[in-house]
Student: 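Would you mind keeping the following structure in view while I ask a few things?
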Amino acid sequence: GFRGVIAVDGPSGSGKSSVCRAVARHLGLRYLDTGAMYRAVTWAALDRGVDLTDRPAVAALCRALVLDIATDPGAPGIAVDGVDVTGAIRQSRISESVSAVATNLDVRADLIARQQAILAEEKGTGVVAEGRDITTVVAPEAEVRLLLTADESARIARRARELHGTDDAAALAATHAQVVTRDARDSTVVDFLVAADGVVEIDTSALTFDQVVDAVLDVVAETR
Ligand code: C5P
């Protein structure tokens, strides 16, 4: 079976989290959600009242945090200084603030080093790692490198169903600004909208969940 690193990048609403977990389960690999790490630092900064625009303070907080990351694709989780924040980091107050933390280059340097250490540890088993800069910065040497894209309306509809359980007009309107604003802010520091050299792009706009999983598994199979 495949052993090594599968690096997956993509914007919010590309469906990459559920796809990556399914791929990891199918292949018996570990799963690393790097977005959860940026969300956990954001949770800690809000919890401790650290001003998100105070970059040195947020970076110092980040470096001091103990992050425990569960890489079981059936039950991924994250704890900050012993507090399980797996559920709390999905709150919209975190989604709205996370870009301010993720565009802090000192935070990025710290989290990228931690992500690379986790990948080095899990390499023997094999791991699917997802985020915005995995194919380009965190693991450019990964055996499999993928960019999952989707057109804007497909991404907004997917996020609306995740957040509101429906993609009716009201849910789409409520989700639109959130998706577009976060991607615009995030893309000021990392380019996750264009596939880098050697990265396979999968446009998921017109594909079902199972079709995307199969497309990823096909790329992995061709890599062996
Ligand atoms: O993937 P998810 O939407 O949970 O990521 C949350 C946020 O974390 C993103 O909006 C982005 O600001 C940041 N992120 C990042 N680099 C990564 C993964 C996530 O900057 N590799």
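Whatever order the structure lists ligands and atoms in, that order sets their numbers, starting from 1.
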Student: Heavy-atom distance to atom 20 (O) of ligand 1: which of Arg185, Arg108, Arg182 wins?
Tutor: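 Shortest heavy-atom distance from atom 20 (O) of ligand 1: Arg108.
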Student: For atom 19 (C) of ligand 1, what is the closest protein heavy atom, and at what distance to 0.1 Å?
Tutor: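 Minimum-distance protein heavy atom for atom 19 (C) of ligand 1 reads Gly35 CA, 3.5 Å.
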Student: Please determine whether a side-chain nitrogen of the Lys or Arg among Arg93 and Glu96 lies less than 4.0 Å from a carboxylate oxygen of the Asp or Glu.
Tutor: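 Glu96 and Arg93: not salt-bridged.
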Student: Tell me, which protein residue and heavy-atom name are nearest atom 10 (O) of ligand 1, and how many Å apart are they?
Tutor: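 Result: Asp186 OD2, 2.5 Å.
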Student: Is there a polar contact between ligand 1 and Asp133, counting only N or O atoms under 3.5 Å apart?
Tutor: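 For ligand 1, there is an N or O atom that lies under 3.5 Å from one belonging to Asp133.
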Student: Geometry only, no angles: is Glu130 polar-contacting ligand 1 at N/O separations under 3.5 Å?
Tutor: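 Looking only at distances, the answer is no, because the N/O contact criterion of under 3.5 Å is not met.
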Student: How far is atom 18 (C) of ligand 1 from its nearest protein heavy atom, and which residue and atom name does that atom have?
Tutor: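 Checking every protein heavy atom, the shortest distance to atom 18 (C) of ligand 1 gives Thr34 OG1, 3.3 Å.
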Student: Please work out, at 4.0 Å between heavy atoms, whether the side chain, the backbone, both, or neither of Met37 comes within that distance of ligand 1.
Tutor: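 Near ligand 1, Met37 shows nothing, with every heavy atom at 4.0 Å or more.
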Student: For atom 1 (O) of ligand 1, which protein heavy atom lies nearest, and how many Å away is it?
Tutor: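 For this ligand atom, the closest protein heavy atom is Arg132 NH1, 3.0 Å.
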Student: Output the distance between atom CG (Asp133) and atom CG (Asp9), rounded to the nearest 0.5 Å.
Tutor: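 Asp133 atom CG to Asp9 atom CG measures 6.5 Å (nearest 0.5 Å).
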Student: If you measure from each heavy atom of Val190 to ligand 1, is any distance below 4.0 Å?
Tutor: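 Checking ligand 1 against Val190, which is what was asked, there is no heavy-atom contact under 4.0 Å.
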Student: Is it possible for you to say whether Val180 and Leu193 belong to one hydrophobic cluster, with membership spreading through side-chain heavy-atom contacts below 4.5 Å?
Tutor: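 Not linked; separate clusters.
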Student: Can Val199 be reached from Val5 by stepping across I, L, V, M, F, W or Y side chains whose heavy atoms are under 4.5 Å apart?
Tutor: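 Different clusters.
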Student: Between CG of Leu111 and CG of Leu65, what distance do you get to the nearest 0.5 Å?
Tutor: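 Spacing of CG (Leu111) from CG (Leu65) equals 9.0 Å.
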Student: Does a side-chain N-to-carboxylate-O contact under 4.0 Å join Glu122 and Arg3?
Tutor: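 Answer for the salt bridge query: no.
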Student: Measuring from non-hydrogen atoms of Arg90 to any atom of ligand 1, is the shortest distance under 4.0 Å?
Tutor: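 Heavy atoms of Arg90 do come under 4.0 Å of ligand 1.
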Student: Test side-chain hydrogen bond (donor to acceptor under 3.5 Å, both in side chains) on Ser17 and Glu130; report intermediate values, then the result.
Tutor: CA-CA 7 Å; Ser17 292; Glu130 59 131 311; 2.7 Å; yes
Student: What atoms in ligand 1 come closer than 4.0 Å to a heavy atom of Val98?
Tutor: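 In order of numbering, the contacting atoms are 7 (C), 8 (O), 10 (O).
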Student: Tell me, which protein residue and heavy-atom name are nearest atom 4 (O) of ligand 1, and how many Å apart are they?
Tutor: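 Nearest protein contact, heavy atoms only, for atom 4 (O) of ligand 1 is Arg39 NE, 2.7 Å.
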Student: I need the atoms of ligand 1 closer than 4.0 Å to a non-hydrogen atom of Lys16, numbered in the order shown.
Tutor: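 In order of number, 1 (O).
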Student: Who's the nearest protein heavy-atom neighbour of atom 13 (C) of ligand 1, and how far?
Tutor: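 Answer for atom 13 (C) of ligand 1: Ala102 CB, 3.7 Å.
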Student: Decide, yes or no, whether a salt bridge links Arg132 with Asp191 under the criterion of side-chain N to carboxylate O below 4.0 Å.
Tutor: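 Salt bridge between Arg132 and Asp191, a charged N being under 4.0 Å from a carboxylate O: no.
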Student: May I ask you to decide whether Asp110 forms a salt bridge with Arg114, counting only side-chain N to carboxylate O separations under 4.0 Å?
Tutor: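 The answer is yes: the pair qualifies as a salt bridge.
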Student: For ligand 1, find out whether one of its N or O atoms is nearer than 3.5 Å to an N or O atom of Tyr38.
Tutor: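 It does not: no N or O of Tyr38 is found under 3.5 Å from an N or O of ligand 1.
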Student: Are the charged groups of Asp33 and Arg90 less than 4.0 angstrom apart, N to O?
Tutor: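 Salt bridge: yes.
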